[in-house]
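Accompanying notes for the structure given below.
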Amino acid sequence: MTNEPGSTPFQVDLRRHLREREEDRDLTRVISELATASRYIIHSIRTGELGVAGTSNLYGESQLKLDVLADRIIRKRMTHTGVIASIASEEEAEVQVIDPNGKYSIAYDPLDGSSLVDVNLAVGTIVGIYKGNDVLKPGREMVAALYILYGPRCTLVYSTGNGTHEFAMNALMEYTLVQEDIKVAEHGNIYAPGGTRNKYSPAVEAFVSHLEDRGSKLRYSGGFVPDINQVLIKGEGVFLYPYLSDLPKGKLRLLYELNPMAFLLEQAGGAASNGRQRILDIVPEGIDHREPVFIGSKADVAKVEDLINTLES
Ligand code: F6P
Ligand code: MN
């Protein structure tokens, strides 16, 4: 779906993209409503207008924290689609059942990296969509995943299992296609290492040294969405948040963060592993399950798996 040379350029919006790919109408609805929710979220991020309830602001009005507000915006829109069975959010300790017979369930991180807003760095929303009323399933059972990146531009990247596609928000706050079927190269020259390096295991340390010896560039902002987006859109590299000596399960959450990103990266030809197992094959033990992660270019992920297998078995 690209413009032919010499033809009048046209813009493909998100809904049309989903329709032309003959996606299920209800799934199209869920994804479109998430896109709409992001308009309100980006508005709140940019203007600091944080709605009502919670703590007081300068003017004595009540305000919400940005991540709580983002959660409510998404929850409300999802509930109103009429097709949602249950909602699991990083902001809530329990899964909210909307309609046990609903068609889809979602697990999401409403505003990942929200503390980065204060220092004016990019943040994002991450969503995994499942069929039926259960989200406690391996990520490979997702029917769709997406993230929205609130950066200098607001972009949305989604997959329904037919490639990974990028959209950008235009002046009318509509998402139009930027890039279809994004591809991540086998090897990459970008690495984004989370966690404290002196707490890395020997195998992970050897992996990072290998990347450095190869001349890879360090690119880490501390925001999972922009850091993954850089690997995906540049089409190369690896993000890692490994197990640390004092954090054996790493930091990132399987349901809200890792599974959707693993789905999107795999659909772009990349890979995602906890060092021993494919992320999408892990059976979650609970909604707050954490896992170490190595995600990005396939051969780089295979390399770290190999080092872990050789040095730490
Ligand atoms: O939600 C967790 C998160 O904020 C991610 O956005 C990010 O990748 C990670 O934590 C950063 O962790 P650290 O501050 O330890 O590098
Ligand atoms: Mn998060």
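Start at 1 and go down the list; that is how both ligands and their atoms are numbered. What you see is a predicted model, and the numbers here were worked out from it, not measured in a lab.
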Is there a donor-acceptor pair under 3.5 Å between the side chain of Asp227 and the backbone N or O of Ser221?
-> yes
Heavy atoms under 4.0 Å from ligand 1: which residues qualify?
-> Asp112, Tyr220, Gly222, Gly223, Phe224, Phe239, Tyr241, Lys251, Leu252, Glu257
Just do the side chain to side chain contact (heavy atoms under 4.5 Å, CB included) check on Ile182 and His165 with the steps written out, would you?
-> CA-CA 6 Å; Ile182 300 166; His165 322 292; 5.9 Å; no
Report yes or no: do Thr176 and Asp13 form a side-chain donor-acceptor pair below 3.5 Å?
-> no
Indicate, with yes or no, if the rings of Tyr220 and Tyr191 have centres closer together than 6.0 Å.
-> no
Do any N or O atoms from the side chain of Ser32 and from the backbone of Arg15 form a donor-acceptor pair under 3.5 angstrom?
-> no
Taking the Mn ion (ligand 2) as the centre, count the protein N/O/S atoms lying under 2.8 Å from it.
-> 3
Can Glu23 and Arg19 be counted as an ion pair, charged N to O under 4.0 angstrom?
-> no
Strictly under 6.0 Å, is that where the ring centroids of Phe167 and His17 end up?
-> yes
Quick one: does Thr125's side chain have a donor or acceptor within less than 3.5 Å of a partner on Leu111's backbone?
-> no
Heavy atoms, side chains only, cut-off 4.5 Å: are Tyr108 and Leu146 in contact?
-> no
